[in-house]
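Note on naming: letters A, B, ... go to the chains in the order of the sequence lines (proteins, then strands), and numbering restarts at 1 for each one.
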There are 2 protein chains.
Amino acid sequence: MTAFEQLCRAHGIPLTVQRRAVLEALSVRDDHPTADDIFASLQSRLPEISRPTVYRVLNSLVRIGVARKVCHPGAAARFETKLERHHHLVCVRCDKVMDFEHPAFDRLSLPDAGAHGFLFDDYSIHFRGVCADCAKAGGRPRRTRKRAQQRSTT
Amino acid sequence: MTAFEQLCRAHGIPLTVQRRAVLEALSVRDDHPTADDIFASLQSRLPEISRPTVYRVLNSLVRIGVARKVCHPGAAARFETKLERHHHLVCVRCDKVMDFEHPAFDRLSLPDAGAHGFLFDDYSIHFRGVCADCAKAGGRPRRTRKRAQQRSTT
DNA sequence: CTCCGTGCAAAAGGTTTGCACTGGT
DNA sequence: ACCAGTGCAAACCTTTTGCACGGAG
């Protein structure tokens with residue numbers, strides 16, 4: 001968290017209550033919350049925060065490098081603070097994305113740059129498949145939207 | 001394309017002009033168009049098609065397995081018809097996602113299922129980094145909503 | 001003939017922006 | 001004190017839905 005303060009200073013952006021709160025709310029979670037999820041989870045700690053601020057703060061966090069957008073098939077943008085190399089399980093039925101630790105896949109060597117003019121930085125493997133819930137459900141609960149998923153909230 | 005017709009029959013869904021057109025428009029492209037991009041690109045060939053239909057058709061195509069949603073950090077859903085194993089370059093500056101062929105990474109063995117109850121099916125590697133355009137631009141042309149990108153716009 | 005898909009229009013959801021004020025440095 | 005960040009409200013973009021009609025099987 002102190003690292004965060006230093007990053008803010010380094011980037012010349014003020015360290016506000018809201019930024020602190022959003023970062024904490026985000027780093028506590030290991031799912032991949034949407035901006036709105038974060039907004040909701042902050043209602044108790046910081047009720048006066050506004051939704052646009054959450055969006056703005058999340059973008060700041062991504063910009064200074066303490067958070068990241070997760071590649072996600074769903075409609076809403078999702079974020080994470082886990083920056084160490086890790087992989088993802090993507091359910092093709094419900095579009096859920098879960099973290100997946102698998103050290104065996106952590107040591108691939110990055111391709112030589114140049115070819116496409118692309119500067120490689122890191123990678124993560126997306127495994128497509130069917131999650132336990134959907135496999136259990138058998139049928140195809142194709143729903144993707146928030147409406148159909150109950151928000152377990154942790 | 002005939003394979004597509006058979007898939008439609010197999011899934012018991014009618015083979016309509018719109019479905020044919022959307023699939024063709026999608027498979028012609030190697031970027032990862034949004035539903036709206038497809039809608040736009042169809043204006044010349046099939047001007048009477050409606051936007052909701054494009055969304056519905058794309059979902060059908062995904063359901064019967066001839067197309068796929070691409071995991072993408074951006075806001076709008078993106079699709080592809082390239083179902084063979086391949087990887088992606090994700091630009092952390094502009095959120096662009098490009099296909100990336102690299103046979104050396106095509107032969108990873110899928111993890112044993114079970115562990116998480118996840119049924120593995122396939123995978124693709126997402127390489128994070130900076131694309132040639134953004135590297136060239138030097139600065140940070142971060143978020144670029146459609147507004148800022150040139151559109152054919154009719 | 002029956003049923004599903006389509007087109008239209010409107011609603012629902014998600015994200016960004018303009019402006020005046022407050023708070024961080 | 002200065003400037004950036006915030007809150008509010010409204011705009012904007014994306015995706016879904018209800019309904020009546022028309023075409024595919």
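Remark: A:Asp121 pairs with no residue by the side-chain contact (heavy atoms from CB on, under 4.5 Å) rule, at least two apart or across chains. With sequence neighbours left out, the side-chain hydrogen bond (donor to acceptor under 3.5 Å, both in side chains) criterion links B:Ser27 to no other residue.
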For residues 100-111 of chain A, tabulate all N or O donor-acceptor pairs below 3.5 Å that involve a side-chain atom, not counting sequence neighbours.
residue  : atom : partner : partner atom : Å
A:Glu101 : OE2  : A:Lys82 : NZ           : 2.8
A:Asp106 : OD1  : A:His87 : NE2          : 2.7

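Looking at B:His86 and B:Glu80, their side chains do bring a donor and an acceptor atom within 3.5 Å of each other.
Atom pair A:Ile49:CD1 and C:dT22:C1' shows a separation of 15 Å (rounding to whole Å applied). If you measure from atom CZ of B:Arg51 to atom P of D:dC13, you get 10 Å, rounded to the nearest angstrom. If you measure from atom CZ of B:Arg19 to atom P of C:dC4, you get 11 Å, rounded to the nearest angstrom. Taking atom CZ of residue B:Arg78 and atom C1' of nucleotide D:dT15, one finds them 15 Å apart after rounding to whole Å. Separating the OH atom of B:Tyr55 from the P atom of C:dA12 is a distance of 18 Å, rounded to the nearest angstrom.
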I'd like to compare against my own output: the B/S/- annotation of nucleotides 18-25 of chain D with a strict under-4.0 Å heavy-atom distance to protein. B-----SS
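In this structure the side chain of B:Leu23 reaches within 4.5 angstrom of the side chain of B:Thr81, judged on heavy atoms.
Between C:dG7, C:dG5, D:dT6, one nucleotide has an atom nearer to the side chain of B:Thr53 than all others, and that is C:dG7.
Residue B:Asn59 has no polar side-chain atom (N or O) positioned under 4.0 Å from OP1 or OP2 of D:dT15. A sub-4.0 Å separation between OP1 or OP2 of D:dG7 and a side-chain N or O of A:Ser50 is present. Residue A:Gln18 places at least one side-chain N or O closer than 4.0 Å to OP1 or OP2 of D:dG7.
A donor-acceptor contact shorter than 3.5 Å links the side chain of A:Arg68 to the backbone of A:Leu83.
Direction change of the helix axis from one end of the helix from C:dC1-D:dG25 to C:dT25-D:dA1 to the other is 50°, with five pairs defining each end axis (rounded to 10°).
Evaluation of the salt bridge (charged side-chain N to carboxylate O under 4.0 Å, His left out) test over residues 46-55 of chain A, restricted to residues two or more places apart or in two chains, returns A:Asp36-A:Arg51.
Close placement of the A:His32 and A:His88 rings is indicated, their centers lying within 6.0 Å of each other.
Using cut-offs of 30° and 60° for the angle between ring planes, the A:Tyr123 and B:Phe127 rings count as tilted.
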